[in-house]
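These numbers come from a predicted model, not from an experiment.
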Amino acid sequence: MDFNFDEFIDRHEQNSIKWGYPKTLFGDDPILPMWVADMDFANPPLILNELKKLLDQRILGYTFPPDTLYQAIINWQEEHHNFALTAHDILFSPGVVPSIALLIQTFTKEQDAVMIHDPVYNPFETMVTLNNRRVVRSSLINIDGLFRMDFKDIEQQFILENIKLFILSNPQNPGGRVWTKQELIQLADLCQKYQVLLCSDEIHGDLVYQPESFFPVAAINEAYKEFVITLTAATKTFNLAGTKNSMIFVQNETLRSALVLAQAKTEQNSINTFGYAATEAAFTTGGPWLEELLTYLKINLDTICTFFDTELPEVSYIKPQGTYLFWFDCSTIGIPDEILTDHFAKVGKIGLNAGSAYGPAGAQYMRLNFAAPHAVVIDGLDRIKYAFDHPTG
């Protein structure tokens, strides 16, 4: 490999949420943080070089997105996902979660119903409730270790609850499911039939393991462009969360105009200089790094599955088809949800995400972030096993 993913970088003194914040969440005992979804790998060198060039300019003033940035995004989406875009289709936002809030505020009214899956990335619910909209959940079905959508339930609730907006995680977080084209067609067709706006969070779209294929919803059918809005970023793929830049792809002119106005009202259309530069560098130079990253992550994932199969055979899990997130069942420990996270932190000395945070269907599950050096992953697995083996502490 040309890139060293085995290198451990100490982030305790970097104001890292992942490494510096756990004391607030998990207590005073030192723990191994394998929770929040950023990676413990150095950023691609070519991206860091571009950011260093900004500092060499010696003035960090106001900036605008250059044409080369738009073209880099267009080329990446076309080459990697067969998604045809123009510069006009691309809006910038500080992040996917702020974009979700923007869509909720722009296209729904207070007390309107917004549908999300269960379990799903917890800020979906947070943004809906904080904006005084009603959360309607459709539970995913675990069939043979893979999440499936319950289309019958979705359609029934579209009718009964008068759903205005569906927020989709594609690929799915926390289960790592890479939705098939047929599944996405079935969902999009329902949204079209019942005039439901579909917001597709595709920030994990580049992090997919062979032989699976990722499909942007809006790229599947020309008609879907009229009611599908895509949210994505380079930040998850290339570990750039701190640069605070994401994209909104919107190809319906009426929807686009509404978002442009909403952004102007809140000044959310201005991105920091580093976000622009990092995104352009990622999409123009990051391909080889991403290829090696996926190979490394797959080794980590295979190690985890083998460990669970041999050391914790009674524990069920979902093997992700994408993302770097591992979702496993902790019900065999026999500990209530409200103290499950604390048990792993105090007994196993490991910080994990509580499954219950992702919705009622996440009860008794935990989420493990395996985007870390292989030695760290092995250490984490040993800590998890210790927590399973010592249910009373």
Side-chain angles (χ1 to χ4, degrees), residues 1-45 48 173-174 176 204 206-207 209 235-242 289-312 315 317-320 322-328 330 340-355 365-390:
M1 283 190 171
D2 293 329
F3 306 102
N4 183 12
F5 295 102
D6 287 324
E7 179 188 9
F8 177 77
I9 300 173
D10 188 346
R11 302 170 66 191
H12 283 96
E13 304 301 323
Q14 295 182 6
N15 296 324
S16 162
I17 289 178
K18 184 177 184 180
W19 285 86
Y21 198 60
K23 185 178 290 188
T24 304
L25 296 176
F26 305 112
D28 291 333
D29 292 341
I31 58 119
L32 179 65
M34 300 187 76
W35 59 298
V36 68
D38 69 6
M39 296 188 270
D40 288 319
F41 304 130
N43 292 118
L48 296 178
N173 175 6
H204 289 100
D206 293 315
L207 300 171
Y209 307 111
T235 53
K236 199 66 65 179
T237 305
F238 297 100
N239 205 27
L240 299 167
W289 186 88
L290 175 59
E291 186 176 347
E292 291 195 14
L293 170 71
L294 289 170
T295 298
Y296 194 91
L297 289 175
K298 186 60 166 57
I299 292 170
N300 279 352
L301 175 57
D302 290 343
T303 298
I304 293 169
C305 292
T306 299
F307 185 92
F308 270 75
D309 291 343
T310 57
E311 301 297 328
L312 296 166
V315 178
Y317 60 83
I318 289 179
K319 183 177 182 179
T323 79
Y324 46 76
L325 307 169
F326 186 79
W327 185 248
F328 63 97
C330 303
L340 192 56
T341 304
D342 193 56
H343 173 76
F344 277 96
K346 293 196 178 312
V347 177
K349 307 299 182 187
I350 184 169
L352 302 169
N353 289 102
Y365 279 83
M366 299 296 282
R367 192 190 77 167
L368 166 72
N369 173 356
F370 58 88
H374 195 68
V376 173
V377 171
I378 292 173
D379 183 13
L381 291 172
D382 289 336
R383 294 169 187 244
I384 289 171
K385 178 172 169 52
Y386 190 88
F388 271 99
D389 290 345
H390 297 81

Asker: Taking only residues two or more places apart in sequence, or in another chain, which ones meet D389 in a salt bridge (Lys or Arg N to Asp or Glu O under 4.0 Å)?
Answerer: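 Listed in chain order: K385.
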Asker: Indicate yes or no: at least one non-hydrogen side-chain atom of L325 is less than 4.5 angstrom from one of N353.
Answerer: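 Side chain of L325 against side chain of N353, heavy atoms only: no contact under 4.5 Å found.
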Asker: Working note: K319 + D302, criterion side-chain contact (heavy atoms from CB on, under 4.5 Å); need CA distance, chi angles, decisive distance, verdict.
Answerer: CA-CA 9 Å; K319 183 177 182 179; D302 290 343; 3.7 Å; yes
Asker: Measuring from atom CG of D38 to atom OG1 of T235, what distance do you get when rounded to the nearest 0.5 angstrom?
Answerer: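 Reported to 0.5 Å precision, the distance equals 10.5 Å.
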Asker: Can you name the closest pair of heavy atoms from W327 and G355 and give their distance?
Answerer: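 The pair with the smallest heavy-atom distance is CH2-CA, 3.4 Å.
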Asker: Write down the atom of A345, the atom of F26, and the distance for their closest heavy-atom approach.
Answerer: CB-CB, 3.8 Å
Asker: What I'd like to find out is whether the side chain of F5 reaches to under 4.5 Å of the side chain of E292, using heavy atoms alone.
Answerer: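 A side-chain contact exists here, since the closest heavy-atom pair is under 4.5 Å.
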Asker: Examine distances only and state if a side-chain atom of D206 and a backbone atom of L290 form a donor-acceptor pair shorter than 3.5 Å.
Answerer: no
Asker: Are the side chain of W35 and the backbone of K18 linked by a donor-acceptor contact shorter than 3.5 Å?
Answerer: yes
Asker: Test your reading of the model: is there a side-chain donor-acceptor pair from N239 to the backbone of M39, 3.5 Å cut-off?
Answerer: yes
Asker: So which atom in C330 and which in M366 form the shortest heavy-atom distance, rounded to 0.1 Å?
Answerer: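 Looking at all heavy atoms of both residues, the shortest contact is SG-CG, 3.3 Å.
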Asker: Kindly say whether F344 contributes a backbone atom to a donor-acceptor pair with the side chain of Y386 at under 3.5 angstrom?
Answerer: no
Asker: Nearest 0.5 angstrom please: H204 NE2 to K236 NZ, how far?
Answerer: 5.0 Å
Asker: OG1/T303 to NZ/K298 distance, rounded to the nearest 0.5 angstrom?
Answerer: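 Those atoms lie 10.0 Å apart.
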Asker: Given side-chain contact (heavy atoms from CB on, under 4.5 Å), test E311 with D382 step by step and report yes or no.
Answerer: CA-CA 9 Å; E311 301 297 328; D382 289 336; over 6 Å; no
Asker: Heavy atoms only: give me the nearest Y209-L297 pair and the separation to one decimal.
Answerer: OH-CB, 3.5 Å
Asker: Is there a side-chain contact between I9 and W19 in this structure, where contact means two heavy atoms from C-beta onward sitting under 4.5 Å apart?
Answerer: no
Asker: As a quick check of understanding, evaluate side-chain contact (heavy atoms from CB on, under 4.5 Å) for L207 and L294, giving each step before the final call.
Answerer: CA-CA 7 Å; L207 300 171; L294 289 170; 4.2 Å; yes
Asker: Can you tell me how far the CG atom of D379 sits from the CG atom of L32, to the nearest 0.5 Å?
Answerer: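 Spacing of CG (D379) from CG (L32) equals 5.5 Å.
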Asker: Surrounding CG of N15 (heavy atoms of other residues, nucleotides or ligands, distance under 6.0 Å), is the total greater than 12?
Answerer: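 Check fails, neighbour count at 12 or below.
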Asker: For F388 and F328, take the angle between the two ring planes, folded into 0 to 90°, and tell me which bin it lands in: parallel under 30, tilted 30 to 60, perpendicular over 60.
Answerer: tilted
Asker: Let me see the working for L312 and I384 under side-chain contact (heavy atoms from CB on, under 4.5 Å), right down to the final yes or no.
Answerer: CA-CA 10 Å; L312 296 166; I384 289 171; 4.2 Å; yes
Asker: Is there a side-chain contact between P373 and F41 (heavy atoms, below 4.5 Å)?
Answerer: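 They are in contact (side-chain heavy atoms under 4.5 Å apart), so the answer is yes.
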Asker: Quick one: list whatever passes side chain to side chain donor-acceptor pair (under 3.5 Å) with N300, sequence neighbours left out.
Answerer: H374
Asker: Using 30° and 60° as the class limits, which term best fits the ring planes of Y317 and F308: parallel, tilted or perpendicular?
Answerer: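 The rings of Y317 and F308 stand perpendicular, inter-plane angle above 60°.
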Asker: Is there side-chain contact between D40 and N369, with heavy atoms separated by less than 4.5 Å?
Answerer: no
Asker: Could you give the distance from CD (E291) to CZ (F3), rounded to the nearest 0.5 Å?
Answerer: 10.0 Å
Asker: Supply the atom-to-atom distance L301 CG to Y324 OH, rounded to the nearest 0.5 angstrom.
Answerer: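 Rounded to the nearest 0.5 Å, the CG-OH separation comes out at 14.0 Å.
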Asker: Let's go through Y296 and W289 carefully: what are the C-alpha distance in whole Å and the side-chain angles of both, what is the deciding distance for ring pair (Phe, Tyr, Trp, His ring centres under 6.0 Å) to 0.1 Å, and is it a yes or a no?
Answerer: CA-CA 11 Å; Y296 194 91; W289 186 88; over 10 Å; no
